[in-house]
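Naming convention: chains lettered A, B, ... in sequence-line order (proteins, then strands); numbering from 1 in each chain.
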Amino acid sequence: MRVFNTLSGKKEDFHPLEPGGVRMYVCGVTVYDYCHVGHARSTVVFDVISRYLKYRGYNVVMVRNFTDIDDKIIKRAKEEGVSWEEIARRYTEEYYRDMDALGVSRADYEPRATEHINEMIEMIEGLIKKGYAYVVDGNVYFEVNKFKDYGKLSKRSKEEMLAGARVEVDERKKNPLDFALWKASKEGEPAWPSPWGPGRPGWHIECSVMSMKHLGETFDIHGGGADLIFPHHENEIAQSEAYTGKPFVRYWIHNGFITVSKEKMSKSLGNFFTIREVLKQFDPEVLRAFLLSTHYRSPVEFSYEHLLETEASVDRFYTTVMRTEQYLEHIKEDQPDTEDKQMEETIERLRERFEEAMDDDFNTALALGHIYEFLRELNRFLDRRPQGKKTVALLKRALEVLKDVTSVLNLFQRTPYQWQVSLLEKKGIGLTVEEIEEKIRQRQEARKRRDWGLADSIRDELQRKGIILEDTRFRTLWRVKLSTEAR
RNA sequence: GGCGGCGUACCCAAGCGGCUAAGGGAGAGGUCUGCAAAACCUCCAUUCGCCGGUUCGAAUCCGGCCGCCGCCUCCA
C-alpha cells in the first residue's frame, strides 16, 4: 500500500508502527456553525481511509476531535446571547446529523477540548520546564526558535515565514512566529484556573494532548484539510516533539479543497454551501459519491451541474442492480448453462482492480471508474439472456462482490427501491408509490386490451410528473426521471 | 515577495517512462421494443496549456514560458 506523506512530499510504502494495527488522528471541526461541503469532504475522505484500512485487515483505532472552545464560538455565543456551551452543544449535534446522513461512521474516540484542560495544563507546564515555552501576563507561548525542526512539514524556514510579513504583531512575543499555548481570559470570557491565572487553551495544544492520550506519543496517521498544514500541524509537531523528544506522526495525510468558481470554499469568502442545503435537493449518497469521484488530494470544483452528473451515475448503479435482481427472479435454472467464462473472470478482476486502486494512495476515483465499467460488463452479460444454475450463482456472486467492494466506500448499500423512494422526495415528485403503482395497473389493463392510446397517455401523464416507466419482459418498472441539465 | 500545486475530448475525471490515453455525463447513429424507457453496440483526444531537451520510447522525467489556484492570518 502506498500513501502520500506530506512530510516527505511523496508517496511512501505504508507500514504501521505495529504490524496489524493502525492508529490515526483526524482533525475534526470547530463547532460554531453548520458544516459546509469542505468539512464534508475531509470527514468523508478520512472515513473511507479508515474503512479501507479495516478492509485490508488492520485493526484501526481512530480519533476525531471536536474543538468546543475557541474565539469563534465565544463570538457566536455573544452574538446570540447564549452560553458558549450552548453553541458548542448545538453544533456538535448538527454535525452528527449531517455526517450521519453522509454515512460517516463514528471514530473510536471523539474527544472534546474542554474535557482535557488538565492534561493540557500538564503538558504546557512540561514545555515550560523544558525551556520551550515562556509566560507573559498570564499567557504562555511556545518559543519557536528553540525547536530546530520548525517548518519541516510546511517546507519553509523561519526566515521565509517572517519575510511573508503577514504575521500578527504582538509585542509580548519574543518572536512573531511564537504561538499561544495558553491564553489569559478577559473579563467575562470563559476561563479555567491555571498556574498562570484564569484562561483557556490555545488551539494547537488540544490535538497534541488528545492524540497522545489515546494513541501514544508516536502514532501512524494524522489527517486533515490541507489548510491545516500551516500553522496548525506544524505547531502540533513542534510542541509534541519538544515535549516527548520522539517523532510525533509517521504519515501526514491532507485532503485538497472544495472550490467554487475555482476559489477555495470557505467561511471567510462566504462562498460556501452547507451540507444541509445540498441535502435538500440531493440524496446524501450523491454528495458522498461526488466527493469520492476525485482523488482526495486534488481540488474539487463544486457545482449543481456536477452533482447532477454524479446523481446520474448513482442512478445507473441502482438501475443495473434492479435489473439484475429482477432477472434473477425469472431466470430458468433447469436450462443448460450459458457460456460464462469471461464473466467469471470479470467478477474476480473487479475486486483486484478495486484493491489495486485503493492501495495506490486511496484512489477512490479510479476505484469508482472500475465499478462503473463493471456495470457495463454486467449489463452486457444480461443482454445475452443467460440461463442455468451456474448463471444464477454467477449473478449472485456479481452482486455480492459489488456490494462488498462498495461497502468500503459506504456507497450503494441500499436497495434500488429505497433509492427511488428517496428520489421521489428529493425531486419533489408529489406522487406516492401507491399512486404510481395504481397508474401502472391501469396502464397494464389498457395494454392487455392493446389500447395503446390509453396506455401511452397514462405513461405520458406520469412522465410529465417526473416518472419514467419501463416495460420489461416481466413487469413494468418505474423510475424517477433525472436530468443532467440545470433547472 | 517566498513556498507549493494544477492545466488530459463539449463537461467531469483516471493516468506517475513502453499493450489501441480508464470511467462517467452530454452529443450522433444503430440493435432491442406495440411505441417508449433501460440496456448494449458504433462514433466522439494520432493527442495530453505552449516551446525546447533527455531517452530506442514521454501526458508521464528536466528546463523555460503562459494561464489558474492554494499556503505564508482563523480555516476541512
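- Nucleotide B:C10 forms a pair with B:G25, judged by Watson-Crick or G-U wobble geometry with both contacts under 3.5 Å.
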Under 3.5 Å, which protein N or O atoms sit close to an N or O of nucleotides 60-63 of chain B? Give each pair with its distance.
none

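- The side chain of A:Lys155 contributes no N or O atom lying less than 4.0 Å from OP1 or OP2 of B:C71.
- The residue A:Lys11 sits close to a base: some heavy atom pair falls under 4.0 Å.
- Open room surrounds CZ on A:Arg385; 12 or fewer heavy atoms of other groups in view lie less than 6.0 Å from it.
- One finds a salt bridge joining A:Lys264 and A:Asp227 here, because a Lys/Arg side-chain nitrogen approaches an Asp/Glu carboxylate oxygen to under 4.0 Å.
- Looking only at distances, a side-chain donor or acceptor of A:Arg41 sits under 3.5 Å from a matching main-chain atom of A:Tyr296.
- Remark: A:Tyr372, A:Glu373, A:Arg376, A:Asn379, A:Arg380 in residues 371-380 of chain A come within less than 4.0 Å of RNA chain B through at least one heavy atom.
- Enclosure of atom OH in A:Tyr109 is not indicated, since only 12 or fewer non-hydrogen atoms of other residues, nucleotides or ligands lie within 6.0 angstrom.
- Remark: the separation of the C1' atoms in B:A39 and B:G7 is 36 Å, to the nearest Å.
- Within a 6.0 Å radius of CZ in A:Arg106, more than 12 heavy atoms belonging to other residues, nucleotides or ligands are found.
- If you check B:A76, B:C40, B:C74 against the side chain of A:Lys264, the one that comes closest is B:A76.
- Atom CD of A:Gln342 sits in a sparse spot, with 12 or fewer heavy atoms from other residues, nucleotides or ligands closer than 6.0 Å.
- Applying the side chain to side chain donor-acceptor pair (under 3.5 Å) rule to A:Ser303 yields the partners A:His306; only residues at least two apart in sequence or on another chain are considered.
- Map A:Leu269 and A:Glu309 each onto its nearest nucleotide of RNA chain B; the residue landing nearer the 5' end is A:Glu309.
- Relative orientation of the A:Phe273 and A:Phe302 rings is tilted, given thresholds of 30° and 60° on the angle between their planes.
- Listed by residue number, A:His36, A:Gly38, A:His39 are the residues of residues 30-41 of chain A with a heavy-atom contact under 4.0 Å to RNA chain B.
- Around the CZ atom of A:Arg473, the shell of radius 6.0 Å holds more than 12 heavy atoms that belong to other residues, nucleotides or ligands.
- Among the protein residues, A:Gly256 comes within range of the nucleic acid bases, having at least one heavy atom under 4.0 Å from a base atom.
- Using modelled atom types and a 3.5 Å distance limit, the side chains of A:Arg323 and A:Gln326 yield no donor-acceptor pair.
- Residues from residues 363-370 of chain A placing a heavy atom under 4.0 Å of any atom in RNA chain B, listed by number, are A:Asn363, A:Ala365, A:Leu366, A:Gly369.
- For the C1' atoms, the distance from B:C66 to B:G52 is 15 Å, rounded to whole Å.
- Listed for the A:Thr472 side chain is a donor-acceptor partner under 3.5 Å among the backbone atoms of A:Phe474.
- Between the side chain of A:Ser422 and the main chain of A:Asp283, no donor-acceptor pair closer than 3.5 Å is present.
- The pair A:Glu311-A:Lys427 meets the salt-bridge criterion, since a charged nitrogen lies less than 4.0 angstrom from a carboxylate oxygen.
- The aromatic rings of A:Phe248 and A:Trp252 lie tilted to each other, with the angle between the two planes from 30° to 60°.
- A distance of about 40 Å separates the P atoms of B:C40 and B:G5, rounded to the whole Å.
- Distance A:Leu292 CG to B:G23 C1': 15 Å, rounded to the nearest Å.
- Base-pair partner of B:U31: B:A39 (Watson-Crick or G-U wobble, both distances under 3.5 Å).
- The nucleotide whose nearest atom lies closest to any side-chain atom of A:Arg316 is, among B:A76, B:A39, B:C68, B:A39.
- Taking 4.0 Å as the cut-off between side-chain N and carboxylate O, A:Asp71 and A:Arg76 do not count as a salt-bridged pair.
- A donor-acceptor pair under 3.5 Å is formed between the side chain of A:Thr324 and the backbone N or O of A:Thr320.
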Below 3.5 Å between N/O atoms, which protein atoms pair up with nucleotides 33-36 of chain B? Just atom names and distances, please.
| unit_1 | atom_1 | unit_2 | atom_2 | d |
| --- | --- | --- | --- | --- |
| B:G34 | O6 | A:Arg443 | NH2 | 3.4 |
| B:G34 | O6 | A:Arg447 | NE | 3.3 |
| B:G34 | N1 | A:Asp456 | OD1 | 3.0 |
| B:G34 | N2 | A:Asp456 | OD1 | 3.3 |
| B:G34 | N2 | A:Asp456 | OD2 | 2.7 |
| B:C35 | O2 | A:Arg459 | NH1 | 3.4 |
| B:C35 | O2 | A:Arg459 | NH2 | 2.3 |
| B:C35 | N3 | A:Arg459 | NH1 | 2.8 |
| B:C35 | N3 | A:Arg459 | NH2 | 3.4 |
| B:C35 | N4 | A:Asp471 | OD2 | 3.1 |
| B:A36 | N6 | A:Asp471 | O | 2.9 |
| B:A36 | N1 | A:Asp471 | N | 2.7 |
| B:A36 | N3 | A:Arg459 | NH1 | 3.2 |

